[in-house]
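Quantities reported herein were computed from a predicted structural model and do not represent experimental measurements. Just so we're on the same page: letters track the sequence lines, and every chain starts at 1.
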Protein chains: 2
Amino acid sequence: MSEPPPNPGGPQRSAGRDEILAAATDLFGESGYDGVSMSAIAQRAGISKANVFHHFGSKDALYLEVMRAARAYFEPGTERLIEQNQDFGEQLRELIGRDFARMREHPDLARLILREILESGPSRGQALASEVFGEHFAELTGLFEQAQRQGGLARDIPPALIATLAIACNTMLFQSQHLLRHLPGVDFVDDGERYATLVARVLLDGLRDEQKDAEGESDA
Amino acid sequence: MSEPPPNPGGPQRSAGRDEILAAATDLFGESGYDGVSMSAIAQRAGISKANVFHHFGSKDALYLEVMRAARAYFEPGTERLIEQNQDFGEQLRELIGRDFARMREHPDLARLILREILESGPSRGQALASEVFGEHFAELTGLFEQAQRQGGLARDIPPALIATLAIACNTMLFQSQHLLRHLPGVDFVDDGERYATLVARVLLDGLRDEQKDAEGESDA
DNA sequence: ACACTAACCGACCGACCGGTCAGCCCCGAG
DNA sequence: CTCGGGGCTGACCGGTCGGTCGGTTAGTGT
């Protein structure tokens, strides 16, 4: 009952490692490790199941390879814009906007990593922290620490908490976008720009009404 | 949905049923839908697998029942404290603190729901929104809307976004606590009180340093 | 005593899982 | 030309999955 690969419109080139990797990334991202069979990956890649085992020794090895690629994609320098002397608020807004846009651009990879975080127990969490996310997180933390030292940022809030919150907002919005979209009053899911602006504004200046809570300063 | 097999139509309760439900809740919470077999549930409940199918027609039906129970647990009035005339900041702090504490108190239930959110596609998301989370979310949104109308809360931020952020911070921290714990500078994971206080403070007053506050930043 | 029924069980089924294996095809080296 | 080896395949394996089946036990109304 095996159908020959019709591959309509697709190039007839030889199916190789990369195609397997791409197919696996798609499927793992959609349905998670347990939700995807090696047969499904092979079928998506247009090759035989045995061939998948030929290139990657086992399902775990393939999954690990996919994760490595995903991590490599999300890792590269995110915070280059910090060096610039622009307003910190603008930096934060752009940082949030970029991160969110990247997630929406590669939803499979994002979900892959999110799932890994959710499903990781105490032991796995430590490995993830030190090997995958540590660098990125430290970079972010350092950024906020620097902003604190330069002034303009409240000093009694741990930089790590700021980084966590910034990531959390993006992650959560992306993660539950299909749910949020149908919730009453939610109209910011599809407008990344507006969302980033609002979140940055909340994080910077808080929710409190400035007009009422007059502490003796005037706004622009 | 039709139920051709011996239909447990009415609310028939038995010790067996409850034990199955408890076992299923534990296991599903730990390992997710695909990660748990009906045999495992039966074994945990101390009965035969066939008996599980006798009480719940299928694995999906059992999972759905577990989800219903989980939802019922997380739903009950969270925002009773709103009526009180205490400071809104204090209300927010307590709300965040309570929600987080409840998550840590029943991690399996929390992970169950979190996973459901993550794994839900566009179609499932709509069902979840309308049937499970809609009520709770609307309650939260209404709370913030009221606070806005009473003054003390910036009016140009959608209440739904505030609700999303409040939930997002808690959810994310809980979800990735095992990872965060090992990240540099993270010392607020295990101290729910301190965490809630800090987050409420950020949400209310923002990150900006009040002493400096002025928008004219100077390069050093 | 009987009939009826829900709760419960051991054994079993087909489907599918991850993984293996012997061998085919193709191509470059000798 | 032969030869060998890697990409690739269909057939197959043991095991587990969700789910079914025939039958037993316990309780209850008559």
H54(B) vs dC8(C): side-chain N/O to OP1/OP2 distance below 4.0 Å: no

Among all residues two or more places apart in sequence or in another chain, which pass the side-chain hydrogen bond (donor to acceptor under 3.5 Å, both in side chains) test with D18(A)? none

NA contact type, S48(B), heavy-atom cut-off 4.0 Å: base, sugar-phosphate, or nothing? base

Helical bend (five base pairs per end, nearest 10°) for the helix from dA1(C)-dT30(D) to dG30(C)-dC1(D): 10°

Can a side chain N or O of N51(A) be found less than 4.0 Å away from OP1 or OP2 on dT9(D)? yes

Tell me, please, which residues at least two apart from S58(A) pass side-chain hydrogen bond (donor to acceptor under 3.5 Å, both in side chains). none

Rounded to the nearest Å, what distance is computed from the CD1 atom of residue I47(A) to the C1' atom of nucleotide dG6(D)? 14 Å

Distance-only, no hydrogens or angles: does the S176(A) side chain make a donor-acceptor pair with backbone N or O of L179(A) under 3.5 Å? no

Does anything in residues 164-185 of chain B pair up under salt bridge (Lys or Arg N to Asp or Glu O under 4.0 Å), and if so which pairs, sequence neighbours excluded? R181(B)-D190(B)

Starting at atom CZ of R17(A), determine the distance to atom C1' of dG6(D), rounded to an integer number of angstrom. 14 Å

Protein-to-nucleotide contact annotation, 5' to 3' order, nucleotides 19-26 of chain C [B base; S sugar-phosphate only; - none; under 4.0 Å, heavy atom]: BBB-----

Between atom CG in D34(A) and atom C1' in dT16(D), what is the gap in whole Å? 13 Å

With a non-hydrogen cut-off below 4.0 angstrom, is V36(A) in contact with a base, only sugar-phosphate, or nothing? sugar-phosphate

Side-chain N or O of S37(A) versus OP1/OP2 of dC17(C): is the shortest distance under 4.0 Å? yes

If you check every side-chain atom of S39(A), which of dC17(C), dC8(C), dC9(C) has the closest atom? dC17(C)

Do E105(B) and R102(B) sit within salt-bridge range, that is, some charged N less than 4.0 Å from a carboxylate O? no

Tell me every residue that passes side-chain hydrogen bond (donor to acceptor under 3.5 Å, both in side chains) with E145(B), counting only those two or more places apart in sequence or in another chain. none

Whole angstrom is fine here: how far is it from CZ in F56(B) over to C1' in dG18(D)? 16 Å

Using distance only, find each side-chain donor-acceptor pair of residues 159-174 of chain A under 3.5 Å and give its atom names and separation, not counting sequence neighbours.
from    : atom 1 : to      : atom 2 : distance (Å)
T164(A) : OG1    : A160(A) : O      : 2.7
N170(A) : OD1    : Y195(A) : OH     : 3.1
N170(A) : ND2    : I96(A)  : O      : 3.1
T171(A) : OG1    : I167(A) : O      : 2.8

Non-neighbouring partners of D60(B) that pass side-chain hydrogen bond (donor to acceptor under 3.5 Å, both in side chains), sequence neighbours left out: Y33(B)

Do any side-chain atoms of residues 34-46 of chain B form donor-acceptor pairs under 3.5 angstrom with protein atoms, and if so which ones, sequence neighbours left out?
from   : atom 1 : to     : atom 2 : distance (Å)
S37(B) : OG     : A40(B) : N      : 3.1
R44(B) : NH2    : E30(B) : OE2    : 3.4

I need the CG-P distance between L62(B) and dG19(D), as an integer number of Å. 10 Å

Nearest whole Å is fine: how far is dC9(C) C1' from I20(B) CD1? 13 Å

